[in-house]
Peer 1: 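Take this structure, written in structure tokens, and hold onto it; I'll ask about it next.
Just so we're clear, the structure is a prediction, and the values are computed from it rather than from any experiment. Residue numbers start at 1 and run along the sequence shown.
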Amino acid sequence: MRVEIDVESDSGTHYRRACSKPIGFRSTAINPVEHMKKIRDTFPRVFDAAQIEQCVSTLRRLEEASSNDMTEFIDLLRGLEQPYP
């Protein structure tokens, strides 16, 4: 996988970056601490603090989560069908 992005700001400045192996993608290992940091860095774009904690809590105990827990989790994720704020 390779992702390239080229952005021009309102001021006319160009930014270009490329990434071949993002952390956590397929064969690129990610340890649990890095994974939690990645979640906490990206989730605030679409979730508030309480929703992030609900997601993290459910993900940490995914294998033991009840059907009610999973229903609530899926309902929370279903809210993502709306455009980003």
Side-chain angles (χ1 to χ4, degrees):
M1 177 179 138
R2 181 170 173 84
V3 176
E4 292 184 31
I5 186 166
D6 189 356
V7 176
E8 180 180 350
S9 70
D10 290 338
S11 67
T13 305
H14 280 268
Y15 300 91
R16 185 172 192 179
R17 295 285 185 258
C19 181
S20 301
K21 286 187 165 185
I23 295 173
F25 181 77
R26 294 189 184 158
S27 64
T28 308
I30 185 170
N31 71 44
V33 173
E34 289 173 329
H35 194 218
M36 196 54 56
K37 181 181 180 327
K38 188 173 183 178
I39 287 171
R40 292 195 184 279
D41 285 348
T42 57
F43 275 31
R45 295 178 187 161
V46 292
F47 294 121
D48 64 31
Q51 292 169 322
I52 293 170
E53 289 310 313
Q54 181 182 355
C55 286
V56 168
S57 173
T58 303
L59 291 170
R60 282 190 171 146
R61 54 188 180 78
L62 193 58
E63 293 183 15
E64 295 84 29
S66 69
S67 60
N68 187 53
D69 293 335
M70 293 309 299
T71 298
E72 289 177 7
F73 183 62
I74 291 168
D75 287 344
L76 179 62
L77 296 177
R78 202 174 274 136
L80 292 179
E81 294 171 4
Q82 301 168 3
Y84 290 137

Peer 1: Yes or no on side-chain contact (heavy atoms from CB on, under 4.5 Å) for E72 and T58, after CA distance, side-chain angles and deciding distance?
Peer 2: CA-CA 9 Å; E72 289 177 7; T58 303; over 6 Å; no

Peer 1: Any side-chain heavy-atom pair from I5 and Y15 closer than 4.5 angstrom?
Peer 2: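 No, their side chains stay 4.5 Å or more apart.
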
Peer 1: Under a 3.5 Å cutoff, is there a donor and acceptor pairing between the side chains of N68 and T71?
Peer 2: no

Peer 1: Quick one: SG on C55 to CZ on F43, what's the gap to the nearest 0.5 Å?
Peer 2: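 Output value for this atom pair is 5.0 Å.
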
Peer 1: Take atom CZ in R2; do more than 12 heavy atoms of anything else shown fall under 6.0 Å from it?
Peer 2: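 Enclosed.
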
Peer 1: With heavy-atom distances below 4.5 Å as the criterion, would you say the side chains of T42 and F47 are in contact?
Peer 2: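 No, every pair of side-chain atoms sits at 4.5 Å or beyond.
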
Peer 1: Partners of E8 by side-chain hydrogen bond (donor to acceptor under 3.5 Å, both in side chains), sequence neighbours excluded?
Peer 2: none

Peer 1: Who are the side-chain hydrogen bond (donor to acceptor under 3.5 Å, both in side chains) partners of R60, not counting sequence neighbours?
Peer 2: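 Checked R60 against side-chain hydrogen bond (donor to acceptor under 3.5 Å, both in side chains); zero matches.
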
Peer 1: Check the pair R17 / V3 against side-chain contact (heavy atoms from CB on, under 4.5 Å), numbers first and verdict last.
Peer 2: CA-CA 8 Å; R17 295 285 185 258; V3 176; over 6 Å; no

Peer 1: Under 4.0 Å between a side-chain nitrogen and a carboxylate oxygen: does that hold for D75 and R78?
Peer 2: yes

Peer 1: Measuring from atom CD of E34 to atom CG of D41, what distance do you get when rounded to the nearest 0.5 angstrom?
Peer 2: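 Atom-to-atom, E34:CD and D41:CG are 11.5 Å apart.
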
Peer 1: Rounded to the nearest 0.5 Å, what separation is found between the CG atom of N31 and the NZ atom of K37?
Peer 2: 12.0 Å

Peer 1: Identify the heavy atoms of V56 and M36 that sit nearest to each other, and give their distance.
Peer 2: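 So the two residues come closest at CG1-SD, 3.7 Å.
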
